[in-house]
Amino acid sequence: MTSTETGRPERTAEITEKGSAGRGEREDEVVLGISPAFCSFFTKTISNIPLAEVLREVMAGVEEQGVSLRIVRVKDSSDLAKIAHRAARLSGSGIGVGILSRGTSMIHQKDLAKLSNLELFPQAPLLTPETFRAIGSNAAQYAKGESPAPVPVQNDFMARPRYQAKAALLHLKETEMIEPDGGIVELDVSIRRAGS
Amino acid sequence: MTQTGDRHLDPAVDYPLSSRRPDLLHTPTGKHIEDLTLDAVVAGDLSPLDLRIAPDTLLMQAEIADGAGRWQLAENFRRAAEMTEIPDERVLAMYNALRPNASTGQELADLADELEREYSAERTAALVREAADVYERRDLLAAADD
Amino acid sequence: MTSTDRPAQNRHSRRTEILEARPVQLDGFVEEWPEVGMIAMESPYDPEPSIRVEDGVIVEMDGRERSDFDFLDQFIADHAIDVSAAEEAMALDAQEIAARVVDPRVPRQDILHLTRGLTPAKLLDVVESMNVVEIMMAMQKMRARRTPANQAHSTSARDNPVQVAADAAEAALRGFAELETTLGIVRYAPLVAIALQVGGQTGRGGVITQCALEEATELELGMRGITAYAETISVYGTESVFVDGDDTPWSKAFLASAYASRGIKMRFTSGTGSEVQMGNAEGRSMLYLEIRCIQVAKGAGVQGLQNGSISCIGVPGAVPSGIRAVAAENLVASMLDLECASGNDQSFSHSPMRRTARTMPQLLPGTDFVVSGFSGVPNADNMFAGSNWDPEDYDDWNTIQRDLKVDGGLRHVAEKEVLAVRGKAIRALQAVFAGLDLPPITDEEVDAGIYAHGSEELPERDVLEDLKAAKGVMDRGITGLDLVAALEKGGFRDVAENLLGVLRQRVSGDLLQTSAILDGDFSVRSAINDANDYAGPGTGYRPSGERWEEMKRLRHVLSASNPEQEVE
């Protein structure tokens with residue numbers, strides 16, 4: 001689906017790096033960790049949702065709850081659990097979200113074991129822009145100490161033949177983009193309509 | 001019951017044991033396989049222990065596997081014969097101890113000793129010692145101070 | 001097609017539009033990337049075969065010195081390869097070995113004397129020299145059991161035991177020799193495993209059942225006699241992925257013996273694509289890594305293997321020659337004298353033509369279990385994330401068997417028999433639940449279950465009560481014997497006899513031998529007393545007699561004596 005097909009205006013993300021990311025002081029923040037090639041080499045998820053749109057939805061979902069969002073890029077790993085857990089450990093509230101370029105996402109909490117999580121969205125092809133907004137919203141609610149109902153996910157037994165190999169390819173490519181000494185950098189993100 | 005398992009079984013003649021050689025089949029509780037009837041279940045004469053395989057039977061199946069040219073399968077059955085005596089929970093715990101980074105070298109050495117001492121499980125103990133050796137070389141032992 | 005304004009020169013032909021609308025376009029295809037292992041076989045980065053033996057120990061294998069062996073290399077060198085056969089077998093040209101494997105005049109036993117001495121890279125070279133027809137020719141001879149069989153899944157999107165029992169009974173009646181279930185909510189396992197066992201023994205005494213769970217839990221259900229065998233004991237082809245799966249070849253070998261020590265049949269599971277899917281293929285081809293898995297299974301002394309990519313089928317399915325590689329991995333399992341449950345068990349393609357073609361390399365030559373498994377519930381209810389075959393395909397399968405005179409293990413059954421056995425299975429489960437003080441099964445559920453296609457047509461159960469009861473089954477130490485007693489008390493003496501017959505098998509250990517299944521009269525059929533004896537035209541297993549008459553029957557066949565009627 002192109003953005004034209006979704007009926008949404010095309011958007012672009014302008015991302016600038018602000019240096020090494022630090023631990024947050026505010027208790028009302030969520031940290032979003034994005035993967036090495038997110039909005040750099042890659043421009044859309046496995047099911048062709050523009051990554052600028054993904055960012056916009058997560059930002060909107062968090063802000064709707066009156067919580068603030070910091071966005072960081074984890075440059076040295078393509079492991080979703082690692083990215084989400086590191087985001088959580090940087091977050092003043094202890095709640096972090098990790099998103100890989102292909103769309104696979106996770107909500108994490110800093111005190112949980114790395115291989116555990118609050119919510120996991122393993123089936124990237126089934127995630128819609130609405131799901132990403134709901135992920136932002138739920139993360140913000142966890143940050144406020146609430147217990148939101150988990151974001152519902154669809155199931156489709158025909159996702160495997162369509163997407164399994166593409167997912168593997170995207171993961172391999174993202175892994176190739178890792179900068180082993182890149183650490184975690186804080187980002188300034190602004191979303192604009194294309195052409196504006 | 002003998003523990004030799006060496007009855008000169010011929011795969012072509014004696015297998016399946018359940019139909020060809022039921023005379024050889026007993027449970028670890030000493031019951032004959034033909035005593036395992038529905039009437040016995042209804043009468044409450046059978047316990048789950050009566051439905052376990054005897055070590056001697058596993059040794060006979062090992063002999064049959066060997067006779068069919070399957071030496072690894074036979075070896076598996078011989079380890080299994082040793083393990084019949086180990087309680088269910090202990091078997092599960094031993095399996096978990098053999099997972100990567102789950103045990104120190106000393107813990108695996110102790111496990112191997114326990115297998116030999118408590119259960120006369122020499123073959124299984126050898127497998128554990130071999131694992132300990134490989135885990136050390138491949139850095140898959142738990143750190144001693146964990 | 002990303003821009004909003006499509007230039008005029010982008011005009012498409014009507015034919016292109018029709019082709020674009022075909023189901024096959026929904027499948028994913030990717031280009032090879034051999035450097036990271038995104039290649040099915042014939043990779044320039046797979047090792048060259050080599051072996052060096054000193055004092056009876058393999059000190060070099062496939063170009064790697066013993067001191068550099070990873071744990072798979074070491075396990076394979078020390079447990080899988082017969083050192084006494086190795087140097088002679090390795091000296092033969094791979095193409096010569098392949099020719100002997102394919103040649104019907106070279107007996108299966110002679111091939112086994114060679115293959116037991118081959119390294120992973122050499123086995124790879126052997127199968128790489130075969131095309132897919134040669135792979136099928138070889139499989140026809142190398143399959144361990146003479147008579148092919150089939151396996152079904154019986155699961156429920158709602159983990160509803162009533163549905164599982166009814167569909168297990170129908171699947172057993174239709175001819176499946178093994179039944180497998182798994183769960184959406186893992187805590188439901190004891191009730192669903194009971195339903196599978198009761199349903200299966202109602203459909204046809206002697207089918208054997210399993211419940212796919214985490215290794216330790218799966219073993220516990222087996223030890224209690226609630227399930228009869230196990231299959232989901234996964235092995236992987238690189239050390240890092242194996243360790244990520246929280247196991248090693250040694251822990252798996254221990255587990256294999258643990259199952260045997262309780263008289264329980266088991267096989268391992270592996271498949272092409274799992275390592276590259278997890279991003280750790282170490283630059284090797286999918287088939288090379290899978291051959292390492294097969295040899296780990298061999299070395300562990302397990303009797304068999306489920307392979308054929310399994311849950312990763314979308315990966316080899318997307319690259320060139322991927323389905324040939326899948327056929328080759330099944331063949332290698334059989335060449336190493338393992339029982340092979342040959343996959344075809346996961347949703348694979350949107351194209352009915354690709355779905356069918358993908359199964360031919362197993363169905364035509366026959367394997368120990370052609371499909372592992374064939375969904376006995378509609379794919380929407382399949383908790384293994386969908387199979388390549390489901391009940392809507394039953395009649396297509398039966399027709400293909402009849403067209404080609406190949407035995408895929410199934411048969412056509414008249415609806416009245418199906419309904420009768422579904423009803424009996426649910427009522428037997430109703431009696432067991434009542435006898436064990438589990439949440440009741442209502443008569444409304446019995447009626448709905450008989451006629452249902454999927455879980456949505458059944459009344460919803462009280463999930464919380466069921467889960468509480470499921471925990472109770474474990475806490476109270478319920479075993480297979482309690483099920484037997486409850487069936488007898490509930491008036492299902494024949495089903496009770498069948499279940500006891502299956503439990504009694506573990507005392508004899510006969511089912512532990514390679515490729516063992518139980519016939520309807522509870523006689524064991526394995527690679528020992530039903531060894532594959534194919535030796536060319538006119539030999540080996542061919543459908544005949546009663547079985548062939550059964551295979552001729554379909555839902556609608558015109559009567560020759562009265563063409564206005566159909567054959568019953």
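Looking at A/M158 and C/L26, their side chains never come closer than 4.5 Å, going by heavy atoms from C-beta outward.
Distance check, rounded to the nearest 0.5 Å: CG of A/L172 to CD of C/Q277 gives 9.5 Å. Summarising the geometry, atom CE belonging to C/M38 is positioned 10.5 Å from atom NE2 belonging to A/H171; distances are rounded to the nearest 0.5 Å.
Counted within 6.0 Å of CD on A/E25, heavy atoms from surrounding residues, nucleotides or ligands total 12 or fewer; the atom is thus considered open. Atom CZ of C/R354 has more than 12 heavy atoms from other residues, nucleotides or ligands within 6.0 Å. Residue C/E460 qualifies as open at atom CD: its count of foreign heavy atoms under 6.0 Å is 12 or below. Within a 6.0 Å radius of CD in C/Q25, other residues, nucleotides and ligands contribute more than 12 heavy atoms. The neighbour count for A/E27 CD, taken as heavy atoms of other residues, nucleotides or ligands under 6.0 Å away, does not exceed 12.
The shortest non-hydrogen separation linking A/R160 to C/F384 is NH2-O, 3.9 Å. Taking each heavy atom of A/P161 and C/F348 in turn, the nearest pair found is CB-O, 2.9 Å.
The residue from C/D390, C/D381, C/N379 that alone fulfils the side chain to side chain contact (heavy atoms under 4.5 Å, CB included) condition with A/F157 is C/N379. Across C/S347, C/P316, C/S311, C/C312, a single residue satisfies side chain to side chain contact (heavy atoms under 4.5 Å, CB included) together with A/Q164, and that is C/C312.
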